[in-house]
Amino acid sequence: METIVVKFGGTSLASAEQIKKAVDIIRADPARRYVVASAPGKRFSDDIKVTDLLYACYDQAAAGGDFADTLGKIEARYADIIRDLGVAFDLAAEIAVLQEHLSTAPNRDYMASRGEYLNSRIIAAYLDRPFVDPAETIFFTEAGVLDEEKTFRTLGERLAALPQAVVPGFYGVMPDGAVRTFSRGGSDITGSIVAQAVRADLYENWTDVSGMLSADPRIVEDPRVIDHITYTELRELSYMGASVLHEDAVFPVRKAGIPINIRNTNRPEDHGTMIVPWADRSVKKRVVTGVAGKKGFTSIALEKSMMNSEVGFTARLFTILAEHGIAFEHCPSGIDTISVVVNTAHLQSARDDILISIQKELEPDAMTVEDGLALIAVVGNGMVYSKGTAARIFKALADANINIRMIDQGSSELNIIVGVEEHDYEEALRAIYRAMEPLM
Ligand code: ASP
C-alpha cells in the first residue's frame, strides 16, 4: 500500500474545528498513515501561538516570576480543544507535570516542545492511533545536529511496527536525555524525517495556503500558485525570500527522492504545490517557475587595468572576504572589472577592515562601494531550453524606467538575477512578474 506522511501546521490545528478538518483529510485516504502535528497556532490574527505562550511561561518561571496566568492560558487552549472534540483526555494531570517542572528546574526546549506533545496526544486519542514520542525516536548528537543514523534506524523500526501513528513535530532528544527542539517552524523538519524513516511515497505538508506562490503577494497582486517545482528551484526561490517550508525540511526527503505536496487544510480540494526531485516531462512546458527577491545588499566593485592577466587577483579578493567570515552572494565580472555582492548586514562588522585590505593587497585603480541594492531572481529550469527570457526581463525594466545595476545568470541557467536600487525594488518586481507571467 502507498504510504503518505501528513504534517499539519499550527493554524491547521489551532482549534477543535480546525483539527476536525485535519482529521477528515487524514481519514479520506487510508494511505495517510503517519501524522505529524504542530502545536495549536493562531485562530485569528492577533491570537497567540501556544508555542509562544510556552516560551513566555518558561521565561517567567526562569526569572523566578509568577507563571500561573500564562500556564492558565495554555491550559484553556487545550481545554477548549478537548471539550469541543469530545475526547477523553486527562489534561489536569499533564498541566500538573508542567507546573512541577516549572517550579523546579525549568528547561526552555522542554517547555516549548510541550505544545506539539500535548496536541499530538490529544489528536492521537481522537483519531484512535498510537502516539510515538520523538523523545524516544529522534536523536541529536552532542553537537546538536540530527543523528541521522540512529534516528532513521530507531524511528524506522518503531513505525514499521505500527500501521498508523501520530508523531509530534518540533523536537527530539539529546544524548543526555534532555529534550531539544529544532529552530522555529521545525515541525516541517520532523515531517520530512518521518517521511524518510518510513520511506513514504509522498510527504503532504498541510498549511493555510494553497501552495507556494510564484511571487510575493504583498507586492504582486494575485500571483499564481506554482503547481509543481523542483527541489533546486525551491531552494533558489526560498533563498531569495519566498517562504513556504522550513529551509531544513527539504533535505531529508530530497535525499530520499520523496516529493512534498504543500496543501491547504481549509481548501482540501486545491491541489497545492508539488515539490519534486526533477521536472516531470509530462507536465506542460513552463519556462519560468517564480520570481523572488530581497533588499539589503552591497556591491563592492573593483577596476584594475590588465586585471584579466593578473593571476590570483580574484582568489585574493575571495580570501580577504573569507578571512573576515563574509560569504558573497554574486560575483559578476568583466575583463578589467569585478564586483562582489554581499549582504549589507553581514558585511557591517568587518566593513572597514575588508575595504582597507582590498586597497592594500589588490591595489585596484578604482573601488566603488554601493549600498541599497536589491536583488530579484527569475527562477525556472525551463529557461535553458527557451530563448528571449532575459530580453523580456530587461525590456520590462526599461519600459518601467528602472535602472539595472547588476545582471547575473548562474551557470546552470536555472535563474537570472538582476540588481536594482532598493527604492525601485517593488516596481521592478511587479514589472518582471508581469513580463514573466506568460512564460509561467
Ligand atoms: N510550534 C513550533 C513553532 O511555532 C514549531 C512548528 O509549528 O513548526 O515554531
Side-chain angles (χ1 to χ4, degrees), residues 5-15 18-19 21-22 25-26 34-59 70-71 73-78 80-81 94 98 107-124 131-135 137-138 140 144 146 151 155 166-173 179-196 203-209 212 234 238 243-253 260-266 275:
V5 169
V6 285
K7 180 259 168 180
F8 289 90
T11 49
S12 299
L13 305 174
S15 63
Q18 288 299 94
I19 291 175
K21 289 185 196 168
I25 290 165
I26 295 164
Y34 303 105
V35 179
V36 174
S38 275
K42 293 183 179 197
R43 294 160 294 182
F44 38 88
S45 68
D46 50 4
D47 197 10
I48 307 175
K49 286 172 134 198
V50 166
T51 308
D52 289 319
L53 289 172
L54 287 160
Y55 279 124
C57 198
Y58 163 82
D59 287 342
T70 314
L71 188 59
K73 286 187 184 144
I74 295 165
E75 182 172 10
R77 287 289 304 265
Y78 288 110
D80 283 354
I81 291 175
E94 297 292 338
L98 293 187
N107 175 296
R108 192 168 190 270
D109 279 17
Y110 172 81
M111 275 309 288
S113 74
R114 297 304 87 183
E116 338 316 270
Y117 170 83
L118 287 173
N119 221 22
S120 301
R121 290 268 320 267
I122 294 165
I123 293 166
F131 169 85
V132 171
D133 196 343
T137 48
I138 294 183
F140 289 99
L146 182 73
T151 297
L155 186 63
V166 178
V167 185
F170 195 36
Y171 69 95
V173 66
V179 161
R180 182 188 170 98
T181 60
F182 292 106
S183 55
R184 292 303 302 267
S187 297
D188 283 343
I189 307 175
T190 311
S192 186
I193 291 170
V194 172
Q196 189 185 346
Y203 169 26
E204 286 180 350
N205 190 296
W206 291 83
T207 171
D208 54 5
V209 289
M212 185 167 182
L234 175 73
S238 318
S243 82
V244 64
L245 265 185
H246 190 296
E247 271 241 306
D248 298 339
V250 172
F251 295 101
V253 279
I260 308 173
N261 192 192
I262 309 287
R263 300 283 295 264
N264 188 347
T265 304
N266 301 317
I275 306 168

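Each ligand, and each atom within it, is numbered from 1 in the order the structure gives. Numbering of residues begins at 1 and proceeds along the displayed sequence.
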Heavy-atom contacts with Ser187 under 4.0 Å: which atoms of ligand 1 show up? List them by number with element.
5 (C), 6 (C), 7 (O), 8 (O)

Nearest 0.5 Å, what's the CD1-CD1 distance between Ile193 and Ile138?
5.0 Å

Has Gly185 got any heavy atom lying under 4.0 angstrom from an atom of ligand 1?
yes

Below 4.0 Å from ligand 1: does a non-hydrogen atom of Gly186 turn up there or not?
yes

Is a salt bridge present between Asp208 and Lys42, judged by a nitrogen-to-oxygen distance below 4.0 Å?
no

Below 4.0 angstrom from a heavy atom of Arg184, which ligand 1 atoms are there? Numbered from 1 as shown, please.
3 (C), 4 (O), 9 (O)

Give a yes or no on whether the ring-centroid distance for Tyr117 and Tyr110 is below 6.0 angstrom.
no

Of all the non-hydrogen atoms in the protein, which one sits nearest to atom 1 (N) of ligand 1, and at what distance?
Thr51 OG1, 2.8 Å

For the ring pair Phe140 and Phe182, is the centre-to-centre distance below 6.0 Å?
yes

Subset of ligand 1 atoms that lie under 4.0 Å from at least one heavy atom of Lys49:
3 (C), 4 (O)

Going by an N to O cut-off under 4.0 Å, is there a salt bridge joining Asp133 and Arg121?
no

Check each atom of ligand 1 against the heavy atoms of Ser38 and keep those under 4.0 Å away; list them by number with element.
6 (C), 7 (O), 8 (O)

Could you tell me which atoms of ligand 1, counted from 1 in the order shown, lie closer than 4.0 angstrom to a heavy atom of Glu116?
1 (N), 2 (C), 5 (C), 6 (C), 7 (O)

Any idea which heavy atoms bring Ser238 and Glu247 closest together, and the distance?
CB-OE2, 4.3 Å

